Amino acid sequence: MNFLGFLKSKSSTLVVVAGMLLCCFSCISTDDMLGGNYITTSQRYDIYTADIPITGIENRLADSLSGYSRTRIAVGAIRDARYGLSTRSCALTLVPVRDTMDFGSNPQFKSFHFSAALDTISVAEKGQENILQKVNVYALEERAGYPDYNINTKDLKYTPVRITKGIPVIDGVDSLSFDFTEEFGKRYLTITQQDLEDSLSHYLKKFPGIYITCEEPEGDGGRFNFFDLGMAFNKNYMYVTGSSAILNLRSTYNGRQVDTSFMFYFSPPEFTNLDSLVTMSNLGSVTFEQYCFNINSLESGALSGPASDNLLVEGGGGLKPVIPATELKRICEEVISAHGDPRKAIITKATVELPFEFPEDYTEMYKWPQYLTPVCRMSNDNIVAFTPITDANNSAYESVGRLNRSTCLYSPDISFHLQGILRLDDEKAKFSNYDVWMFIMHDETIEKSGASYASTYNSALSQMYYYNMMNSMYGGYGGYGGYGGYGGYGGYGYGGYGGYGGYGYNDYYTYYMMMAMYSNLTAATESTTSTSTMIDKDRYYCATLNGPNASNGRVPTLRITYAMPKE
């Protein structure tokens, strides 16, 4: 057999077949417009982008921000050349851990000791971490933080006489520890069983608590100190850890004199039945709901107003960048109107860009916040609440304004919020509720609830609260579901806020909202440690951002992508 001829014949056949297949495939064309004639005109859009300078941005004090904290006692004072004097002080209550207190007969006061472990510190200048600061402790004359929950409140009633033995001193390393005077301590020997059986509000009328402040620095500098508020109970070993106050006394029980002590914890929202905790076999270590009232004093109010060359960012209830909703609506309408009716525009992406100049000394970047996150200040019927616009725990979908050191930029997203602003009625809307405030956020390591009932209930209440707040702002627009799938935005963005209660976002709520959400929450839950992004009302910040008149041209900008229906 001629194998060579056979191979040649086979090769020729393969070449012919391959060529035919190539011709067949090359004849197939792709029509990208297939079915396009069946799309209604109302569902066809043109896409546009625009970068719009924000000229009407302002500096404002964060008035009506809640001073309640569930984690920290804030005490300290800092003075700097830009903002002047800024202080942190704390009002808290002393509540018995046990729901029964038997002082025996003829109780004799021995001591009343206060102790709170150090959490962290914040300084204006490096090198001041361990300066000595004197602490002042006074007796409150009435309950603090109710009904005025404002972190910048000046309406605090206390007796300006020290109630400590000597003058406590803190050094930025050790805990806050001191002994109350005998005169003050003996007040708590007058607690009756009736005081503990009535409501906590009744108890606080008789024992309103204490007010802790720090002496002002004579020159520039200083330090803010943050101490743990919480107390925990270990059921397995039957001991208490964390911050507390111990009342020691000698009294007669059954004809015999004995030394005994009673423990107090700080600022719970309600009485806790410790006996019931012991019987909870499914819990090992348990924590308590506690809320102290931290207060700021500031001298920076004169710097508020329309921004020029610079935007200022101050910690606590201090100065924050604010973009009025009227300004956002105006600048967007001017640009979008060139392509049609702005009310018909669909905002697919809206980002606020806030540039800054990197400091000459890179070590000073600690004065810039980790996040500048947009929130709204909503007021209604004498209640004010700051509500987040973007989802800090869904950063894969939205930028929450994390500090970018490479580009020297904060760039949070406000897409859904801007869509709502464009729909507002100029005559009927309360535009101040839609102003965009840039609040400071920080990654915190915290203890959170792990018990299934508490976690689930807390999450559900938080979700109900947030949906109610969002519905009051955007509910009339139905999530923009009628605009070709835009309604899906709510699914991954605002729908995710339900879990915020367990992560500390209750700091945004007013006293009334907070109490309503936790009135049925179990007082004790098993604790776990986690890291979450939370509002930072405590630390010192002194950041400068570029204003609308910045000489280098890097100014606050609204960058938008929007769709307009084809005519």
Side-chain angles (χ1 to χ4, degrees), residues 57-63 65 74-89 120-136 151-152 154 170-172 213-226 294-322 354-372 403 405 408-410 437-442 536-552 554-556:
I57 196 167
E58 303 174 3
N59 292 305
R60 296 183 193 171
L61 292 175
D63 60 316
L65 177 64
V75 180
I78 289 178
R79 191 191 306 275
D80 64 29
R82 164 158 289 173
Y83 297 135
L85 179 66
S86 178
T87 68
R88 303 286 188 268
S89 54
T120 187
I121 60 172
S122 182
V123 295
E125 301 294 340
K126 297 296 184 182
Q128 304 231 338
E129 291 85 352
N130 302 122
I131 62 173
L132 300 181
Q133 295 173 298
K134 296 180 180 179
V135 174
N136 303 314
I151 194 172
N152 294 335
K154 295 180 174 61
I170 50 179
D171 60 3
T213 70
C214 186
E215 285 198 352
E216 303 173 4
E218 295 183 0
D220 288 349
R223 185 182 65 240
F224 294 151
N225 310 270
F226 310 111
N294 290 327
I295 303 163
N296 293 180
S297 70
L298 306 162
E299 293 183 346
S300 56
L303 300 175
S304 60
S308 181
D309 295 337
N310 297 315
L311 281 169
L312 304 178
V313 180
E314 185 181 11
L319 295 167
K320 305 290 187 294
V322 181
L354 301 174
F356 63 91
E357 304 307 313
F358 202 84
E360 294 182 4
D361 182 357
Y362 74 92
T363 62
E364 292 195 351
M365 278 304 298
Y366 69 91
K367 297 180 181 181
W368 271 255
Q370 276 188 321
Y371 301 87
L372 278 180
L403 170 65
R405 298 192 181 203
C408 295
L409 198 68
Y410 292 95
W437 294 66
M438 296 298 172
F439 264 33
I440 297 171
M441 309 286 281
H442 194 85
D536 188 351
K537 301 180 293 186
D538 301 326
R539 293 179 178 86
Y540 169 83
Y541 294 99
C542 183
T544 301
L545 311 180
N546 292 3
N549 298 328
S551 58
N552 60 5
R554 297 184 69 230
V555 299

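Worth saying up front: this structure is predicted, and the values here are computed from it rather than measured. Heavy-atom basis, side chains included; hydrogens, waters and symmetry copies ignored.
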Mind checking the [atom1]-[atom2] spacing from [X] to [Y]? Nearest 0.5 Å is all I need.
X      : Y      : atom1 : atom2 : answer
Glu218 : Glu215 : CD    : CD    : 9.0 Å
Ile57  : Ser308 : CD1   : OG    : 12.5 Å
Ser297 : Leu85  : OG    : CG    : 5.5 Å
Ile170 : Leu132 : CD1   : CG    : 9.5 Å

Can you give me the closest heavy-atom contact between [X] and [Y], atom names plus distance?
X      : Y      : result
Asn59  : Leu312 : OD1-N, 3.0 Å
Ala124 : Tyr366 : O-OH, 2.7 Å
Leu545 : Pro321 : CD1-CG, 4.3 Å

What pairs with [X] under salt bridge (charged side-chain N to carboxylate O under 4.0 Å, His left out), at least two apart in sequence or on another chain?
X      : value
Glu216 : Arg79
Glu125 : Lys367
Glu299 : none

Give a yes or no answer on whether the side chain of Asn152 reaches the backbone of Gly317 with a donor-acceptor pair at less than 3.5 Å.
yes
Counting distance only, does the side-chain N/O of Gln128 pair as donor-acceptor with the main-chain N or O of Lys126 below 3.5 Å?
no
Below 4.5 Å, heavy atoms only, C-beta onward: do [X] and [Y] meet side chain to side chain?
X      : Y      : answer
Ser89  : Asn294 : no
Pro369 : Leu403 : no
Arg405 : Met365 : yes
Phe224 : Ser86  : yes
Ile78  : Tyr83  : no
Lys320 : Leu372 : no
Cys214 : Thr87  : no
Leu311 : Pro556 : yes

Tell me which pairs pass salt bridge (Lys or Arg N to Asp or Glu O under 4.0 Å) where either residue lies in residues 300-315, with sequence neighbours left out.
none
List in chain and number order the residues that pass side chain to side chain contact (heavy atoms under 4.5 Å, CB included) with [X], two or more places apart in sequence or in another chain; answer none if no residue qualifies.
X      : answer
Val322 : Arg60, Asp435, Trp437
Asn552 : Glu357, Asn546, Ala550, Arg554
Ile151 : Leu65, Asn296, Lys537

Would you please name every residue forming a side chain to side chain donor-acceptor pair (under 3.5 Å) with [X], sequence neighbours left out?
X      : answer
Asp536 : Arg539, Tyr541
Thr544 : Arg82
Gln133 : Arg223, Asn225
Ser304 : none

Under the rule for ring pair (Phe, Tyr, Trp, His ring centres under 6.0 Å), what residues qualify as partners of Phe356, not counting sequence neighbours?
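Per chain and number, Phe356 pairs via ring pair (Phe, Tyr, Trp, His ring centres under 6.0 Å) with Trp368, Tyr410.
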Test side chain to side chain contact (heavy atoms under 4.5 Å, CB included) on Leu61 and Leu319 and set out the steps.
CA-CA 4 Å; Leu61 292 175; Leu319 295 167; 3.8 Å; yes
